[in-house]
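Here is the structure we will look at.
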Amino acid sequence: MSKLLRKPEKNEISQGVTIAQEVTAGNSPLEYVGFKIVDLASGAKYSEVLGKQECCIVAVTGKINVTADEEVFENLGTRESVFEKVPTDSVYVSNDRRFEVEGIGQARVALCYSPSEKQLPTRLIKASDNGIEQRGILNNKRLVHNILPDSDPTANSLLVVEVFTESGNWSSYPPHKHDRDNLPEESFLEESYYHEMNPPQGFVFQRVYTDDRSLDETMTVENGDVVLVPVGYHPVGVPDGYTSYYLNVMAGPTRIWKFYNDPDHEWILKR
Ligand SMILES: O=C[C@H](O)[C@@H](O)[C@H](O)CC(=O)O
């Protein structure tokens, strides 16, 4: 199995708190991006003290309370399933702060991490703050919820976005990459994908490849999987009958999302 594909592994760390995915610099090829999926039973609490990292706490499904240092944000979350396709609530917490997340009923939380030195204010990113985009044409259509885009100065290095791709469509397509620190042409951002499928037995194909094909992995990605993108193009194809969801975390030396399309496939934009 590809080293870029992470299957969910449920690890109950305390009563009612289960880590389903954990990506760190210590267990992945990513140096800038970290990621966790935490499942919380009703009333269960997960807390963390951040060092020189910032974190975007995304209420993926269910409802949560979030405390960050002395600030309290209650009853966050807007959906029982991501496939309701409504934006959700998130909380940005900066470096050197402590946060706690409590489940109000069963909840799934994504913790999205990147490096941060200059402590910034904690911020509630309400569902209504998400920028919504309908991207693409023909069989390249997808719905994008921009949670923490590079146009939002809330964070130091973190970018967070969620994408819905319907049956028979492609996203992160034409294949693009952002693996060179070469602005203004291209920025260097590592990336993680947290995938869900509807119906849940579905799968998508995701290829991660470089121009010289020194990296060229095509993965069958299933519900709850994470795909790591240290470098390279990273298109996703969705089989007929299924809807794909993924939550992206991106980070690198400069918080700018400037991607470069694979020249072999850029023509599809001109149809
Ligand atoms: O680089 C960003 C990620 O590949 C996705 O968020 C992608 O941009 C989604 C899309 O445009 O299809």
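In each ligand, atom 1 is the first atom listed, and ligand 1 is the first ligand listed.
Listed by chain and number, the hydrophobic cluster partners of Phe188 are Tyr32, where partners are ILVMFWY side chains within reach of under 4.5 Å, directly or through others.
Under the rule for a ring pair (Phe, Tyr, Trp, His ring centres under 6.0 Å), the partners of Tyr209 that lie at least two apart in sequence or sit in another chain are Tyr233. By the ring pair (Phe, Tyr, Trp, His ring centres under 6.0 Å) test, Tyr260 is found to be paired with no residue, residues two or more places apart in sequence or in another chain being considered.
Protein residues having a heavy atom under 4.0 Å from any atom of ligand 1 are Arg135, Arg142, Val161, Val163, Ser171, Ser172, His176, His178, Glu191, Tyr193, His234, Tyr246, Asn248, Met250, Trp257, listed by chain and number.
Between Asn95 and Ser116, the side chains place a donor N or O and an acceptor N or O closer than 3.5 Å (distance only, hydrogens not considered).
The aromatic rings of Tyr193 and His195 sit parallel to each other, their planes meeting at less than 30°, with 60° as the upper class boundary.
Contact between Thr220 and Phe205 at its shortest, heavy atoms only, is OG1-CE2, 3.4 Å.
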